[in-house]
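Structure first, commentary second.
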Amino acid sequence: LPVHPENDNKEDDAKLVQDYLNKFYAVEPDPNQLGWKINAESTAEKLQKMQQFFGLKVTGKPDTETLETMKKPRCGVPDVGL
Amino acid sequence: YGVTLPGWKKAKLTYRIVNHTPDMSKEDVDKAIQKAFKVWSTVTPLIFTRIHEGIADIMIAFGTKAHGHCPRYFDGPLGVLAHAFPPGSGFGGDVHFDEDEDWTTGSAGFNLFLVAAHEFGHALGLSHSNDQGALMFPNYAYVSPSEFPLSPDDISGIQSIYGSPPNVPDKRPASPTSPKTCGSQISFDAITTLRREVIFLKGRHLWRVYPDNSAVERELISTFWPILPPGIEAAYENMKDQILFFKGNKFWVISGYQVLLGYPKNINTLGFPKGIKKIDAAVCNKNTGKTHLFIGDKYWRFDENSQSMEKGYPRRIVNDFPGISQKIDAVFQQKGLFYFFHGSKQWEFDPTAKKVIREIKSNSWFNC
């Protein structure tokens with residue numbers, strides 16, 4: 001059977017979310033070592049941070065509004081970290 | 001706002017445009033970059049000088065995908081437009097633009113001036129703001145280049161690192177302020193503070209006064225706020241770095257150069273009864289967070305924290321401000337004291353002691 005239109009883009013959306021969070025929500029300062037550590041937060045936790053930053057509904061899930069925000073042209077500097 | 005500390009340890013910074021985008025003329029690129037730096041030098045003590053060779057503090061370049069030794073890379077059209085590094089040596093302070101974008105001077109593609117101004121914010125030590133009206137908000141948003149792009153949040157952020165510009169005008173008045181301003185019969189429509197300045201309004205004009213050094217500048221109101229009509233009747237600076245302007249039964253809330261969306265509104269929305277058609281004068285007491293709005297021989301009090309008119313008002317002015325018996329043309333607060341104006345006179349009033357300290361001519365602030 002043809003794939004339902006709603007399921008067509010699920011893989012793309014998942015990749016978009018992962019790429020976005022890796023680029024902009026993946027690092028944080030290590031308070032113990034004055035250096036950096038790879039963020040051990042889950043994808044859902046990072047997504048919540050992103051949603052909170054952008055004033056979106058904080059669900060930890062990639063809803064339509066969150067995906068639309070992720071697709072917008074933006075600066076390449078991470079939103080978390082230094 | 002967010003900051004990446006420390007900032008630069010010096011006020012004079014150099015920049016170099018390493019290469020240019022073919023999307024625009026070299027002259028337009030140079031102008032956009034220069035204008036973007038001016039945005040920040042206007043609100044800080046920083047001075048930016050261009051060099052054409054060697055290592056500058058801020059190296060500016062256009063590149064695509066993986067470019068040079070940069071640890072970050074671009075992603076083709078759209079997506080990431082540019083990036084920058086916080087103050088420091090090596091890549092520190094450097095700014096890179098994605099050459100796969102369409103760079104322009106206007107609203108098509110991506111406006112180089114706006115993106116550059118944002119990236120220079122990073123190069124000076126700001127990180128992203130979650131204030132959607134701020135230039136340092138991460139997503140691109142076109143605004144007309146004729147508008148000043150910094151929001152109060154941006155200005156607070158950069159001044160938290162570098163402080164504000166030296167409070168000295170470019171040219172001190174060679175002679176005292178003009179006879180017109182110093183005329184003995186001068187009166188004002190409204191007066192408000194604006195950060196460290198005092199703004200006197202009359203007709204289509206305003207005077208910017210720097211009380212600390214008696215410098216005075218006269219401008220058209222429309223130069224700053226084209227949307228405001230002449231003949232503003234009352235104005236005050238609130239606790240949120242905004243100014244409210246009143247004329248008739250309307251009022252505007254202005255933040256920086258911009259009028260907030262949805263204004264003007266009817267003064268009834270502040271909590272005035274329907275019969276009130278205009279405000280004579282207004283002042284926010286920064287020490288208490290209460291705004292006094294004067295109409296005729298009475299006044300109302302508005303709580304800035306709860307954003308509501310207080311109960312028990314109106315009250316007679318003379319009861320709570322002994323010695324202020326004339327209709328009030330204008331009023332402002334400076335160093336805790338109120339200055340009430342009527343005609344060619346003003347009264348310095350201590351709101352704590354509840355008494356008039358002295359009577360002065362209304363042009364005393366103008367270096368006459």
Side-chain angles (χ1 to χ4, degrees), chain A residues 9 11-39 41 43-60 62-82, chain B residues 2-7 63 65 67 70-88 91-92 94-98 100-103 109-111 114-123 125-142:
Chain A
N9 298 324
E11 272 189 33
D12 290 343
D13 290 347
K15 187 171 185 310
L16 167 70
V17 168
Q18 205 57 55
D19 283 349
Y20 190 97
L21 295 177
N22 285 345
K23 269 188 201 162
F24 307 117
Y25 288 83
V27 293
E28 66 180 350
D30 181 345
N32 298 319
Q33 296 177 12
L34 292 178
W36 294 91
K37 64 177 182 181
I38 300 296
N39 195 313
E41 288 174 329
T43 298
E45 284 166 333
K46 288 182 206 172
L47 195 48
Q48 283 177 336
K49 265 195 181 164
M50 177 263 174
Q51 288 167 331
Q52 191 170 37
F53 187 94
F54 283 94
L56 301 166
K57 206 170 169 191
V58 180
T59 59
D63 49 60
T64 308
E65 221 182 331
T66 300
L67 292 171
E68 287 305 310
T69 301
M70 287 182 171
K71 289 174 187 169
K72 290 183 177 171
R74 58 160 289 156
C75 170
V77 174
D79 296 334
V80 297
L82 286 165
Chain B
V3 296
T4 309
L5 293 171
K65 304 290 174 65
H67 45 281
C70 181
R72 299 185 188 141
Y73 42 85
F74 290 128
D75 54 3
L78 306 179
V80 170
L81 306 179
H83 54 231
F85 296 89
F91 278 112
D94 290 358
V95 173
H96 300 157
F97 296 94
D98 186 351
D100 278 329
E101 311 302 341
D102 179 24
W103 296 107
F110 297 103
N111 186 284
L114 288 175
V115 176
H118 173 101
E119 297 305 330
F120 295 160
H122 289 310
L126 288 176
S127 51
H128 283 145
S129 171
N130 65 353
D131 177 342
Q132 300 201 11
L135 177 68
M136 294 313 295
F137 187 69
N139 287 2
Y140 177 81
Y142 177 77

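In what follows, chains are A, B, ... by sequence order, proteins preceding strands, each numbered from 1.
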Should A/Cys75 and B/Phe137 count as side-chain neighbours, where that means a heavy-atom distance under 4.5 Å? no
Quick check on A/Lys23 against chain B: is it the side chain, the backbone, both or neither that has a heavy atom closer than 4.5 Å? side chain
Just wondering, are more than 12 heavy atoms of other shown residues or ligands nearer than 6.0 Å to NZ in B/Lys65? no
If you round to the nearest 0.5 Å, how far is CZ of A/Arg74 from NE2 of B/His118? 8.0 Å
Please state whether the side chain, the backbone, both or neither of B/Asp98 comes within less than 4.5 Å of a heavy atom of chain A. neither
Between B/His96, B/His122, B/Arg72, B/Glu101, the one whose heavy-atom pairs under 4.5 Å with chain A are most numerous: B/His122
Please state whether the side chain, the backbone, both or neither of B/Phe74 comes within less than 4.5 Å of a heavy atom of chain A. neither
So A/Phe53 and B/His128, would you call those rings parallel, tilted or perpendicular, with 30° and 60° as cut-offs? perpendicular
A/Phe54 side chain reached by B/Asn139 side chain, heavy atoms, under 4.5 Å: yes
Let's test your reading of the structure: which of B/Gly2, B/Ala84, B/Ser129 forms the most heavy-atom pairs below 4.5 Å with chain A? B/Ser129
If you draw a 6.0 Å radius around CZ in B/Phe91, do more than 12 non-hydrogen atoms from other residues or ligands fall strictly inside? yes
